[in-house]
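Values below: all heavy atoms of this structure, side chains included; hydrogens, waters and symmetry mates excluded.
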Amino acid sequence: MNQLKEQWKKIIAQAIKSVAIKNNVTGEDWAQRLILEKPPKAELGDVAFPMFPYARDFKKSPPQIGLMVLEELPQDLPGRAVAAGPYINVFLDRSVIAKSTLSSILENSQTFLHPENLQGRNIMVEFSSPNTNKPLHLGHLRNNALGESCARILKACGAEVRKVNLINDRGIHICKSMLAYKEKGQGETPESSGIKGDHLVGQYYVKYNQWSKEDENVEKQAQQMLRDWEAGDPEVVKLWKQMNQWTLDGLKETYENTNISFDQYYFESQVYMLGKEYIQKGLDQGVFYKAEDGSIRIDMEEIGLDSKVLLRSDGTSVYITQDIGTAISRHSDWPFDQLIYVVGNEQEYHFNVLFHILGKLGFEWTKHLHHLSYGMVNLPEGKMKSREGTIVDADELLVQLTSMALEEIRSKGREGELDNPQATAHDIALGALHYFLLQVSPKKDMVFNPKECLSFNGNTGPYLQYTTSRISSMLRKAQKQGINWTDNVDYSLLKEEQEWELLRVMGEFPAILAQAGDSINPSIVATHIYLLAKTFSRFYHDLQVLNGSDNELVKARTALSQAVLLMMKQGFELINIPFLDKM
Ligand code: ARG
């Protein structure tokens, strides 16, 4: 579509030149002044060229100039131009657009949706980054959805992307579940108890918290355990390894179950020492100072913040110490052009400070660091609280969504049509979850409503999945009827408003994707896929596809539907919604 607009710009520019020559207006290259606008309403045309910029030099009013320009247009044009007051409005030749849009989607479906705005850039995306003392919760699901989708979008825009996960596997919180397990666990394991590893470890974290309320010595024991761990006590290290492995196995199962993956894992236990080293270096360079209590700190007055402890007086590190080490080791592993941290907005302060410190330490690449901060996921009051009452467990939520989706399938009497209703229900649950989490701009807080997100109608993932499964079933039928929609299709037959609208929405997708990549915002893609689905539904509702009487038109509309399907499928990939050819 843009190509055709540019072609029109050249045509109009040429006509303006002729007007200038005929009227003896000399001077600059008039084409330079030509601007391309969008008419305020679609009925007025697809492109508008204002004539105001010529009035003074041509000594004519803009409407007069418009009429003169029209006179100079050649006969054979890719569309139609009309004078509309001070504008020339152009209606693009729909058959040209239909042909170019559809043949490029159908013939180059792998490359059509690949803008190249981020070509050649190396981008690392850190997301999820859980602690190994408990399983994932709803907040992580938003994080995972955002991280995975951003990575896929950036890749589609041409970047080389590395998805990384930082496992916070050391520190006092880890020792807490270890201590409770050691005292009260009686050697139970995920196998012996039949409990998924991360949940088992999480149970001991909860037990620790109860226990520490009853016994004030417990806290000290946990501190001692941390020191023993740092000193490499073999017993403690053995237990730590075992319990971390349980958690990791459990986490990985949840990732797999939600189609989330990573190229690389970083473990805090392996990088926190590196952080300590750099604190020492910064101290030597005079970037940090030693406070009276023996702790090492940074003064942040220049950015309007209080001082911050980087190493405690007993030499143990704090949360930010490991992040300093991690960032440095990542950049030497893989010198990125950008590192995106997908982390909730409650850590904005943390990342401000981190970026400031790395800058002070002299790392020039600090300017490539970006905190993709996202809002809270709240729940409608009184619903879906987990046993501890505050957070929603990710695995439990998925099970619940899946069973709700299965119920929906049954209530629609669709169970018999499906090869594996349970698997379909799971995919619907994922589609519902990911779409719901991603259609909102990352910055915004949101309320997660399980019932609403699972609806087959409206602005939901299942509605999108339903739209594509309908197209798939229509194409199966077309095949059975022997319709050949791949060869010799006359796209110029697609002239209806509904068809034009579909072509327009599809044609815009690459630019929309580029915009989502530049602004690191999957909601832009999600919104466009929804627009595409809605536009298709209107087309399908208003016009005959397979039942039409004109065979050539049936072919063209089937090809159009096929292109929509391809485009939606690629869109689904970008926001991690499973495609279903039946549901
Ligand atoms: N594990 C941390 C938490 O649960 C989040 C880590 C975020 N990433 C980072 N590089 N600091 O709060």
Side-chain angles (χ1 to χ4, degrees), residues 1-5 38-47 79 90-109 111-115 117 153 156-157 435 438-439 457-461 463-472 474-475 489 491-517 519 521-543 545 556-575 577 579:
M1 173 128 36
N2 283 338
Q3 266 171 1
L4 193 56
K5 285 183 185 166
K38 193 175 168 179
K41 281 188 200 140
E43 308 82 281
L44 296 176
D46 304 308
V47 200
V90 169
F91 294 87
L92 303 174
D93 184 329
R94 298 187 174 186
S95 67
V96 173
I97 292 187
K99 186 165 172 9
S100 72
T101 309
L102 290 179
S103 52
S104 56
I105 296 172
L106 294 167
E107 285 156 29
N108 316 302
S109 63
T111 50
F112 182 77
L113 201 49
H114 288 280
N117 54 317
I153 288 170
C157 292
Y435 184 75
L438 292 174
Q439 40 91 29
N457 296 309
N459 190 2
T460 66
Y463 165 71
L464 301 178
Q465 290 171 312
Y466 181 61
T467 306
T468 50
S469 80
R470 245 182 357 170
I471 303 178
S472 305
M474 185 185 94
L475 294 177
V489 181
Y491 298 118
S492 70
L493 299 172
L494 301 171
K495 289 190 185 124
E496 298 293 340
E497 210 47 53
Q498 294 89 332
E499 295 162 334
W500 176 242
E501 203 45 30
L502 259 181
L503 289 165
R504 195 180 57 76
V505 175
M506 282 195 280
E508 280 172 357
F509 209 157
I512 293 283
L513 175 54
Q515 195 196 337
S519 54
N521 183 355
S523 74
I524 296 176
V525 170
T527 306
H528 201 72
I529 299 173
Y530 177 58
L531 176 65
L532 181 55
K534 259 195 334 194
T535 313
F536 178 81
S537 300
R538 185 161 83 103
F539 155 83
Y540 194 64
H541 174 268
D542 292 355
L543 306 174
V545 182
R557 286 186 177 161
T558 310
L560 175 62
S561 308
Q562 163 91 70
V564 173
L565 182 67
L566 285 171
M567 185 129 284
M568 299 252 322
K569 260 186 173 173
Q570 288 194 29
F572 282 9
E573 272 298 305
L574 296 172
I575 53 173
I577 294 185
F579 164 73

Value rounded to 0.5 Å, distance of CG in L494 from CG in L502 = 9.5 Å
Can you find a heavy atom in the side chain of P522 that is under 4.5 Å from one in the side chain of L574?
-> no
Work out which heavy atom in A514 is nearest to a heavy atom in C157; give both atom names and the distance.
-> CA-SG, 4.0 Å
Under the side-chain contact (heavy atoms from CB on, under 4.5 Å) criterion, do F579 and S472 qualify, and how do the steps go?
-> CA-CA 10 Å; F579 164 73; S472 305; 3.5 Å; yes
Taken to the nearest 0.5 Å, the spacing of L113 CG from L566 CG works out to 11.0 Å
Which distance, rounded to the nearest 0.5 Å, do you find between the CG of L493 and the CG of L560?
-> 12.0 Å
Does the side-chain contact (heavy atoms from CB on, under 4.5 Å) test come out yes or no for S561 and V545, once each step is laid out?
-> CA-CA 9 Å; S561 308; V545 182; 4.3 Å; yes
Output side-chain donor-acceptor pairs under 3.5 Å for residues 531-539, partner residues at least two apart or in another chain, one line each.
| residue | atom | partner | partner atom | Å |
| --- | --- | --- | --- | --- |
| T535 | OG1 | L531 | O | 2.5 |
| S537 | OG | Y463 | OH | 2.9 |
| S537 | OG | A533 | O | 3.0 |

Contacts under 3.5 angstrom, residues 503-513 side chains, donor-acceptor by atom type, not counting sequence neighbours:
| residue | atom | partner | partner atom | Å |
| --- | --- | --- | --- | --- |
| R504 | NH1 | E508 | OE2 | 2.8 |
| R504 | NH2 | E501 | OE2 | 2.5 |

Residues which pass side chain to side chain contact (heavy atoms under 4.5 Å, CB included) with D46, listed by chain and number, not counting sequence neighbours | F91, L92, W500
Rounded to the nearest 0.5 Å, what's the gap from CD1 on I97 to CD on Q3? Could you check?
-> 10.5 Å
Indicate yes or no: at least one non-hydrogen side-chain atom of M567 is less than 4.5 angstrom from one of F112.
-> yes
Can you check whether T101 reaches I105 side chain to side chain, under 4.5 Å on heavy atoms?
-> yes
For E497, salt bridge (charged side-chain N to carboxylate O under 4.0 Å, His left out) partners two or more places apart | R94
Nearest heavy atoms of Y435 and I575, plus distance in Å = CD1-CD1, 4.0 Å
May I have the step-by-step check of side-chain contact (heavy atoms from CB on, under 4.5 Å) for M474 and Y540, ending in yes or no?
-> CA-CA 11 Å; M474 185 185 94; Y540 194 64; 3.2 Å; yes
Without hydrogens or angle criteria, can the side chains of Y466 and N457 be said to hold a donor-acceptor pair below 3.5 Å?
-> no
To the nearest 0.5 Å, tell me how far L438 CG sits from T527 OG1.
-> 10.0 Å
Rounded to the nearest 0.5 Å, the CE atom of M568 sits from the CD1 atom of I471 at a distance of 6.0 Å
Check whether NZ of the Lys or CZ of the Arg K99 lies under 6.0 Å from the centre of the six-membered ring of Y491 and within 45 degrees of that ring's axis.
-> no
Could you pull out all residues at least two apart from E496 that satisfy salt bridge (charged side-chain N to carboxylate O under 4.0 Å, His left out)?
-> none
Could you give all pairs that pass the salt bridge (charged side-chain N to carboxylate O under 4.0 Å, His left out) test and reach residues 557-568, with sequence neighbours left out?
-> E499-R557
Exercise: identify the closest heavy-atom pair between G45 and P39 = O-CG, 3.3 Å
